[in-house]
Amino acid sequence: MTLILDPHIRGLLLAVFSILGMAQGIGWWLGRTVKDLKQKEVVENMKTRIGSWWVMVIVFCLSSASGPLGSMLLFALISFLALREFVTLTPTRQADHWALFAAFFVILPLNYWLIAVHWYGLFSIFIPVYAYLWIPIRSAIAGDTKEYLARSAKMQWALMVCVYFVSYAPALLSLRIAGYEGPMIRLLLFLVVVVQSSDVLQYVFGKLFGKTKIAPNISPNKTLEGFVGGVVSAVAIGASLWWITPFTPVQAAAMALIIALMGFAGGLVMSAIKRDRGVKDYGALIPGHGGMMDRIDSLCFAAPIFFHLTRYFFAH
Amino acid sequence: MKEIIGALAKIFTGVVAYWVGCSPEGKQRVYFANHVSHFDFLLLWSALPKTVRTTTIPAAAACYWNKNRVRQWFAEDVFDAVLVDRENIRRANNPVPKLAAVLDRGDSLIIFPEGGRGRTPEIREFKGGIYHLAKARPGVEFVPCYIDNAYRVLPKGEFMPLPILCSVTIGSPLTLKHGERKQEFLLRAQKALEACANDPHS
């Protein structure tokens with residue numbers, strides 16, 4: 001309940017909800033005025049996306065409000081759904097069955113348990129060292145050498161991206177920062193708000209002013225105008241949120257810049273995998289957005305860097 | 001009970017049905033699918049809309065599902081499955097009259113015309129059973145259903161399922177033509193299933 005009682009967070013949530021309400025209003029207005037068929041399609045997709053945003057924001061608020069354990073469970077579920085999409089998209093063989101079974105039902109829960117009990121030392125090497133080594137060992141024991149290295153690499157990537165990197169977001173809750181008391185969920189909120197608003201504003205600026213394609217082979221929708229507009233406004237949003245962080249306004253802006261750039265890179269990398277596999281989305285879980293991985297690709301790359309920068313420079 | 005198990009299977013694999021060749025109607029049909037996993041009938045059944053699946057009954061191999069009490073309970077008591085023999089077919093244990101009896105009481109069927117599970121996702125040659133059923137009950141629609149990815153959920157020889165996203169692509173119904181020969185019908189049915197497999201949805 002601390003979440004709702006904290007006046008700072010209450011203000012932030014109010015802002016998020018009013019922005020969503022405004023977006024909903026704009027969508028409704030555009031739906032009535034736009035006549036062109038192709039544009040209508042874009043507006044329809046936008047309205048579906050906004051509808052999904054309501055659900056995502058509410059789920060996120062409810063889990064955050066139920067305390068650190070709630071956030072932990074939410075991100076564990078997000079990891080599970082992302083891992084399922086990733087593994088579905090990158091084919092393995094029957095010899096990998098047990099390695100994958102362990103990934104879903106042993107490694108993933110253990111990783112989040114280590115965060116929940118604040119065992120940082122083991123959490124930070126559990127997947128990069130132990131799981132990383134275990135996967136090829138298990139597949140080698142199974143004895144199938146066909147595309148062996150590729151299969152191992154796919155499973156290692158899947159665990160790193162979908163579980164390890166994502167779990168850095170709730171790991172923020174276990175940081176101890178001098179002079180920054182009160183609910184740590186504020187730091188997680190900062191990350192999530194900056195990452196997602198950067199994503200959304202890149203999309204909005206791209207749709208409004210986008211001309212120059214930035215990565216035509218990987219992500220035909222990403223434009224230079226969208227990139228600049230999105231990143232600059234995410235930095236502005238980050239800086240204006242300095243009061244919920246342990247940072248000064250300038251530090252908050254710098255952090256937001258790094259988060260936005262890593263987020264962009266994450267989107268690019270995860271799209272490259274999709275193009276390689278010849279699909280448009282990782283799944284169809286979130287109407288208008290695609291799969292879970294399509295929504296969190298930028299978070300995967302931003303969370304670990306943000307965590308380690310904060311830990312190195314601010315935590316004790 | 002089977003609604004709960006079906007819902008769990010749906011959550012676990014996120015299975016969705018793409019009706020590319022027909023629409024989900026309450027009319028009587030025989031859904032025939034590729035077979036790679038014990039999980040197949042459950043996946044296909046749970047992907048059907050509620051109005052359809054309440055009257056749809058899977059056919060399953062007696063030699064597997066009769067092996068112990070738990071399996072028997074699962075197949076016969078929970079899913080009401082028709083257990084059919086696949087080997088040493090004589091007049092007494094001929095599966096076709098058993099399946100025809102299900103159709104006669106008005107229900108729909110799920111069958112696996114390859115006659116057993118494959119180790120790879122490729123569709124294998126159909127056995128004659130589907131033709132004999134079509135001949136016994138001409139006029140009934142046979143609907144091809146391609147189950148995608150089930151071989152990764154529970155491959156032959158494994159017993160713990162993996163959460164892998166699955167889909168079912170449901171194609172256009174076919175009926176036995178007047179005077180159609182066995183090989184012709186089997187090939188036509190097989191081609192229809194392959195068409196579902198090659199559909200961009202799956």
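Within every chain, numbering begins at 1; the chains are lettered A, B, ... in the order of the sequence lines, protein sequences first and strands thereafter. Just so it is clear, the values below take in all heavy atoms, side chains as well, and ignore hydrogens, waters and symmetry mates.
- Environment of NZ in K127(B): sparse, with no more than 12 heavy atoms of neighbouring residues, nucleotides or ligands closer than 6.0 Å.
- Across L285(A), T92(A), L83(A), the residue that shares the most heavy-atom pairs under 4.5 angstrom with chain B is T92(A).
- When the shell of 6.0 Å around NZ of K67(B) is examined, it contains 12 or fewer heavy atoms from other residues, nucleotides or ligands.
- Atoms CG and CG, from L162(B) and D96(A) in turn, are 9.5 Å apart once rounded to the nearest 0.5 Å.
- The structure places CZ of R84(A) at 7.0 Å from OG1 of T13(B), a figure rounded to the nearest 0.5 Å.
- Across all non-hydrogen atoms, the minimal contact from F105(A) to P161(B) is CE1-O, 4.2 Å.
- From I164(B), atom CD1 reaches atom CD of E85(A) across 11.5 Å, with rounding to the nearest 0.5 Å.
- In this structure, T88(A) and R152(B) approach most closely via the heavy-atom pair O-NH1, 3.2 Å.
- For K135(B), the NZ atom is loosely surrounded, since the number of other residues' heavy atoms within 6.0 Å does not exceed 12.
- At a threshold of 4.5 Å between non-hydrogen side-chain atoms, the residues E158(B) and W98(A) count as touching.
- Proximity to chain B involves both the backbone and the side chain of F101(A), based on heavy atoms less than 4.5 angstrom apart.
- Here the closest non-hydrogen pair linking H97(A) and V153(B) is CE1-O, 3.4 Å.
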